[in-house]
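A, B, ... follow the sequence lines: proteins, then strands. Residue 1 opens every chain. Note: hydrogens, waters and symmetry copies are ignored here, and every other heavy atom, side chains too, is used.
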Amino acid sequence: MTLVARFTVGGMRIGELAEQAGTSARALRYYEQQGLLSARRTSNGYREYDEEDLRLVREIRALLEIGFNLEDTRPFVECIREGHSSGAECPGSVEVLTRRLAEIDDYIVRLRRIRATIVKELG
DNA sequence: ATTCTAACA
DNA sequence: TGTTAGCA
């Protein structure tokens, strides 16, 4: 990792991508199996990724952390692949976002009711 | 040392 | 998703 050779040049292998995206190599291989991530291979068979892949994985991670499942991230991934700077700029993404919002609202209502009954129990 | 695939005391 | 095995 010399000062010169370490400059965001070529590509990175699965280990580095995982580290920079805050996930595991295992998860990245799984995303690939699910068709969410594309992998180019080097002569030795190792997967090679670039900055674009890093952006994509970070997008996926961000969505997962907000409560979406892997399938929910698909439209966002495709959206970015189609050139959009934001994965939320496509109809498919908007639909997923809207559905999640409704789920959250329902959840809030449930929690409020639970809270109310607990307050009663306390007298 | 790192990645690969496949599979699970 | 983690972990591990046996290779390259």
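Look at C:dC7: it lacks any Watson-Crick or wobble partner with both distances under 3.5 angstrom. Across all strands shown, C:dT1 remains unpaired; no Watson-Crick or G-U wobble contact has both distances below 3.5 Å. With a 3.5 Å ceiling on both atom-pair distances, B:dA1 lacks any Watson-Crick or G-U wobble partner.
Considering only residues two or more places apart in sequence or on other chains, A:Arg40 meets the salt bridge (Lys or Arg N to Asp or Glu O under 4.0 Å) condition with A:Asp50, A:Asp53.
Note on A:Tyr31: a side-chain N or O is less than 4.0 Å away from OP1 or OP2 of C:dT1.
The residues A:Arg99 and A:Glu103 are annotated as salt-bridged, a charged nitrogen and a carboxylate oxygen being separated by less than 4.0 angstrom. The pair A:Arg81-A:Glu78 does not meet the salt-bridge criterion, since no charged nitrogen lies less than 4.0 angstrom from a carboxylate oxygen. A:Arg29 and A:Glu32 are not joined by a salt bridge, as no carboxylate oxygen comes within less than 4.0 angstrom of a charged side-chain nitrogen.
Here CG of A:Leu37 is found 5.0 Å from OH of A:Tyr49. Values are rounded to the nearest 0.5 Å.
A donor-acceptor pair is defined here as one N or O able to donate and one able to accept, closer than 3.5 Å; no such pair exists between the side chain of A:Ser93 and the backbone of A:Glu89.
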field: Summary of protein contacts for nucleotides 2-9 of chain B, nucleotide by nucleotide, where a base hit scores B, a sugar-phosphate-only hit scores S (4.0 Å, heavy atoms)
entry: BBSB-B--
